[in-house]
Amino acid sequence: MISAEIVNPCCDSQLNLAALFREMQWLESVIHQVIISYLQQEGHERDWRDNPEPDLALDPSVYAYYVRTWQLDRLERLALALAMAVHLKVELLDIFFGVNQQIDRSFSEFGGHTQKNSGGFQPTGQTFAFLISANDPLLKGD
């Protein structure tokens with residue numbers, strides 16, 4: 001069996017892109033679950049932590065190598081994926097443009113802002129805080 005510590009990164013761009021897009025798929029599933037839970041939509045009973053992050057233990061990609069080397073935990077990976085989404089799959093952040101129908105404006109709790117050049121959503125630390133704590137009173141400090 002190969003130890004995760006000795007797996008060196010691969011220079012194959014297809015493998016590297018595949019690893020990044022698997023991480024984007026995980027981020028998308030997390031965002032989706034947080035939003036439906038927050039808005040009490042069908043499936044709101046599930047928790048975002050029920051969506052497992054991709055297993056990178058033996059993944060030969062450069063991304064996986066650094067996740068292992070830096071020993072990133074789930075929250076650190078989520079923060080990194082959220083930051084990378086702007087560059088890799090910006091459309092998955094469009095959900096944060098949702099309008100709160102009670103006040104007819106955007107949800108301030110989502111944080112973030114609009115990118116001037118692209119019109120895309122730029123997540124902030126507040127966006128990350130919303131993702132990890134929107135449905136967990138212990139994390140919100142309630």
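FYI, side chains are in, hydrogens and waters are out, and symmetry mates aren't considered; it's all heavy atoms of this structure.
Between L131 atom CG and Q126 atom CD the span is 11.0 Å, to the nearest 0.5 Å. For the atom pair L56 CG and R22 CZ, the distance stands at 7.5 Å (nearest 0.5 Å). Taking OH of Y38 as the reference point, atom CD1 of I31 lies at 15.5 Å (rounded to 0.5 Å). Note that the CD atom of E53 and the CZ atom of R74 stand 4.0 Å from one another [nearest 0.5 Å]. The line from CG of L72 to CG of L78 is 11.5 Å long, rounded to the nearest 0.5 Å. The CG atom of L93 lies 8.5 Å from the OG1 atom of T127; values are rounded to the nearest 0.5 Å.
Proximity of a side-chain donor or acceptor of N51 to a complementary backbone N or O of S29 within less than 3.5 Å is detected. Between the side chain of N16 and the main chain of S61, no donor-acceptor pair closer than 3.5 Å is present.
In this structure, R77 forms no cation-pi arrangement with W70, as its terminal cationic atom is not both closer than 6.0 Å to the ring centre and no more than 45° off the ring axis.
In terms of hydrophobic clustering, with Ile, Leu, Val, Met, Phe, Trp and Tyr side chains grouped at heavy-atom distances under 4.5 Å, L82 and V86 are assigned to a common cluster. Hydrophobic clustering of Ile, Leu, Val, Met, Phe, Trp and Tyr side chains at less than 4.5 Å, counting indirect connections, keeps V30 apart from I36.
In this structure, E28 and K89 have side chains that are in contact, with non-hydrogen atoms separated by less than 4.5 Å. Taking the side chain as every heavy atom from C-beta outward, L17 and Y63 never approach each other to under 4.5 Å.
Partners of Q33 under the side chain to side chain donor-acceptor pair (under 3.5 Å) rule, at least two apart in sequence or in another chain, are S37, R46. Residues meeting the side chain to side chain contact (heavy atoms under 4.5 Å, CB included) test with L75, sequence neighbours left out: W48, D73, F128, I132.
Residue P54 comes nearest to W26 through the heavy atom pair CD-CB, 3.6 Å, listed as atom of the first residue, atom of the second, then distance. Shown here for S133 and A129, the closest heavy-atom pair between the two residues is OG-O, 2.6 Å. Minimum interatomic distance between A85 and M24 (heavy atoms only, all atoms of both residues): CA-SD, 3.6 Å.
A salt bridge is absent between D59 and R68: the closest approach of a Lys/Arg side-chain nitrogen to an acidic carboxylate oxygen does not fall below 4.0 angstrom.
The number of heavy-atom neighbours closer than 6.0 Å to CD of E91, taken from other residues, nucleotides and ligands shown, is above 12.
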